[in-house]
There are 2 protein chains.
Amino acid sequence: MSQAVSRMAQSSPNISCGNCPIRHNAVCAECDKDELAALEAAKSYRSFAAGEPLAVSGEALTHFSSIVSGCASMSRTLEDGRRQTVGLLLPSDFIGRPGRATAAYDVVALSDTVVCRFERRTFDGLVRDTPHIATRLLTMTLDELDAARDWAVVLGRMTAREKVAAFLVSLIRRRAAATGQGEPAGDVAVALPLSREAMSDHLGLTIETTSRQITAMKKDGLIQAINTRAFRIPSFEALALIAGEDDDGGPIA
Amino acid sequence: MSQAVSRMAQSSPNISCGNCPIRHNAVCAECDKDELAALEAAKSYRSFAAGEPLAVSGEALTHFSSIVSGCASMSRTLEDGRRQTVGLLLPSDFIGRPGRATAAYDVVALSDTVVCRFERRTFDGLVRDTPHIATRLLTMTLDELDAARDWAVVLGRMTAREKVAAFLVSLIRRRAAATGQGEPAGDVAVALPLSREAMSDHLGLTIETTSRQITAMKKDGLIQAINTRAFRIPSFEALALIAGEDDDGGPIA
DNA sequence: CCAATAAGTTGATCTCGATCAATGCGAACT
DNA sequence: AGTTCGCATTGATCGAGATCAACTTATTGG
């Protein structure tokens with residue numbers, strides 16, 4: 001998909017992928033040989049086609065996984081069909097939590113997706129017995145928590161236009177971060193890894209409203225359509241401004 | 001305030017409070033004497049009057065704190081004044097995160113509040129060097145993450161009435177959990193520790209809409225007003241049903 | 001290459017919650 | 001007791017986004 005994936009894939013795939021839950025790789029300074037061996041033994045990969053479920057809310061979750069490439073959504077659907085995505089999973093994001101055997105949300109692949117995974121009980125033991133893995137997981141979880149809280153501001157208080165802008169801005173930032181670039185600036189391109197419906201589920205909007213906002217933003221010159229799933233953004237800063245940010249760049253402190 | 005506070009306060013206050021970030025107390029099986037002594041030496045208490053800020057977004061956060069009694073909100077305010085509360089902090093909830101020196105949100109005391117706190121650098125060291133403290137913190141953070149994601153469903157997809165019901169249900173559940181009771185049932189009472197404004201900021205609604213929904217729910221017999229800040233709920237189950245839950249009790253799996 | 005189907009856009013209308021504005025109510029102070 | 005001030009409720013109106021519906025554009029398969 002993005003440059004991120006190809007970059008990840010080439011980093012010593014035979015030892016350990018570059019975006020495992022603990023971000024382990026061959027040069028991890030804190031890992032001794034026994035730990036690496038244990039991780040390798042417990043690790044496996046699995047592919048999912050777009051639309052395929054990676055987990056079903058309420059059902060057993062046998063593995064702790066981390067996205068290697070592709071994109072998935074984590075969502076809850078109410079009885080009457082209303083659906084809210086609570087997290088967009090991109091490479092390096094994890095699925096599952098130590099000590100819990102049941103999935104709390106539905107996780108569905110939005111595009112073809114590869115995950116790196118660990119059998120749950122093995123992983124639980126690894127977290128319990130390996131301090132620096134637990135620490136690494138804590139940092140990742142705290143980051144996810146901040147992201148979830150930031151998103152609550154979008155869902156609770158932003159207009160449709162601001163929501164769409166905030167989504168594009170956050171997607172562009174995550175892609176840039178994954179490829180090791182800094183804060184995006186100026187003219188940038190985004191490939192959307194999801195449908196208008198998945199986008200709307202994430203934004204708490206209907207498909208129609210999302211579509212109309214995109215059209216309006218095209219008219220205003222904020223975005224240009226390469227095709228329906230790819231945009232060119234002439235000014236990232238202008239978009240970020242609409243997404244309700246200070247003009248000094250970066251997310252609100 | 002609630003029964004929770006008095007119950008907490010009496011558990012060996014001279015050794016360690018019962019709701020410190022790591023839920024340490026005199027009988028913690030995993031803590032040796034040195035660790036306990038280190039915790040005690042680093043610990044202090046501080047009181048805040050209702051309305052007083054515990055932290056300001058973007059400014060230095062010198063301590064890692066845990067609510068002992070009272071109630072605080074964690075929120076972000078956009079430039080134009082729109083405000084969204086991203087977390088309601090009740091006893092045992094923590095403020096701050098290891099390894100970060102700056103507050104990400106505004107934290108304000110909603111009622112008179114007491115916190116138990118640790119000087120930041122000391123706490124960072126403690127988390128780094130004491131595996132079971134890191135593990136405990138990881139569990140708490142994962143729980144917060146689930147709560148934040150659950151709330152995203154409320155903010156993104158629920159109607160005003162459902163939002164108010166969901167808020168009351170979650171508040172009642174947290175109170176019950178804090179006092180060691182199980183799932184609430186039947187006729188229950190809630191004391192609201194916050195104003196209509198703070199409630200609205202949490203729900204992503206205006207004060208007027210929140211007030212109207214409360215009035216409507218009174219008319220429908222779902223809630224009875226003891227006073228403006230305290231309700232009697234004749235049927236917790238009926239309220240939970242409106243809050244968009246399955247009828248088998250408990251949050252959706 | 002053209003049907004068939006899914007995904008996306010656009011239009012018309014309606015509704016829920018926001019907004020603007022006034023009134024009610026209770027606690028704190030004199 | 002009455003005044004004041006902040007909080008809460010109620011009323012009237014407006015508008016952003018939802019809904020219902022038609023249509024267009026991609027994508028897939030024969």
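Convention: sequence-line order gives letters A, B, ...; per-chain numbering from 1.
Distance NZ (B/K219) to C1' (D/dT9): 10 Å, rounded to an integer number of Å. Summarising the geometry, the separation between CZ on B/R157 and P on D/dG17 is reported as 13 Å, rounded to the nearest angstrom. Atom P of nucleotide D/dT27 and atom CG of A/N227 are separated by 7 Å, given to the nearest angstrom. Rounded to whole angstrom, the span from the CG atom of A/D201 across to the P atom of C/dG8 amounts to 12 Å. The separation between B/R161 atom CZ and C/dC16 atom P is 12 Å, rounded to whole Å. B/L194 places its CG atom 16 Å from the C1' atom of D/dG6, with the value rounded to the nearest Å. Rounding to whole angstrom units, NZ of residue A/K218 and P of D/dT25 are separated by 12 Å. Atom-to-atom, CD of A/Q213 to P of D/dG15 comes out at 17 Å; the value is rounded to the nearest Å.
Ion pairing between B/D106 and B/R83 fails under the 4.0 Å rule for side-chain N and carboxylate O.
With D/dT19, C/dG8, C/dG17 as the choices, the nucleotide that has an atom nearest any side-chain atom of A/E208 turns out to be D/dT19. Proximity note for A/S195 (side chain, C-beta onward) versus D/dG17, C/dG8, C/dA12: the nearest is C/dG8. Taking the side chain of A/T215 as heavy atoms from C-beta on, and the options D/dG17, D/dT9, C/dT10, the nearest nucleotide is C/dT10. Checking C/dC20, C/dG17, D/dA8 against the side-chain heavy atoms of B/S211 singles out D/dA8 as nearest. Closest approach to the B/R229 side chain among C/dG17, D/dG17, D/dC7 is made by D/dC7 (side chain taken as heavy atoms from C-beta onward).
No side-chain heavy atom of A/F94 sits less than 4.5 Å from a side-chain heavy atom of A/L89.
In this model, a side-chain donor or acceptor of B/R212 finds a partner on the base of C/dT19 within 3.5 Å.
Rounded to the nearest 0.5 angstrom, B/M199 CE and B/K163 NZ are separated by 12.0 Å. The line from CZ of B/F48 to CG of B/L110 is 13.0 Å long, rounded to the nearest 0.5 Å.
Comparing A/G204 and A/T228 along DNA chain D, the residue whose closest nucleotide (by nearest heavy atom) sits nearer the 5' end is A/G204. For the pair B/T210 and A/R196, nearest-nucleotide mapping onto DNA chain C gives the more 5' position to A/R196.
Taking the six-membered ring for Trp and thresholds of 30 and 60 degrees, A/F167 and A/H202 have ring planes more than 60 degrees apart, a perpendicular arrangement.
Counting any heavy atom pair closer than 4.0 Å across all strands shown, A/I214 reaches no nucleic acid atom.
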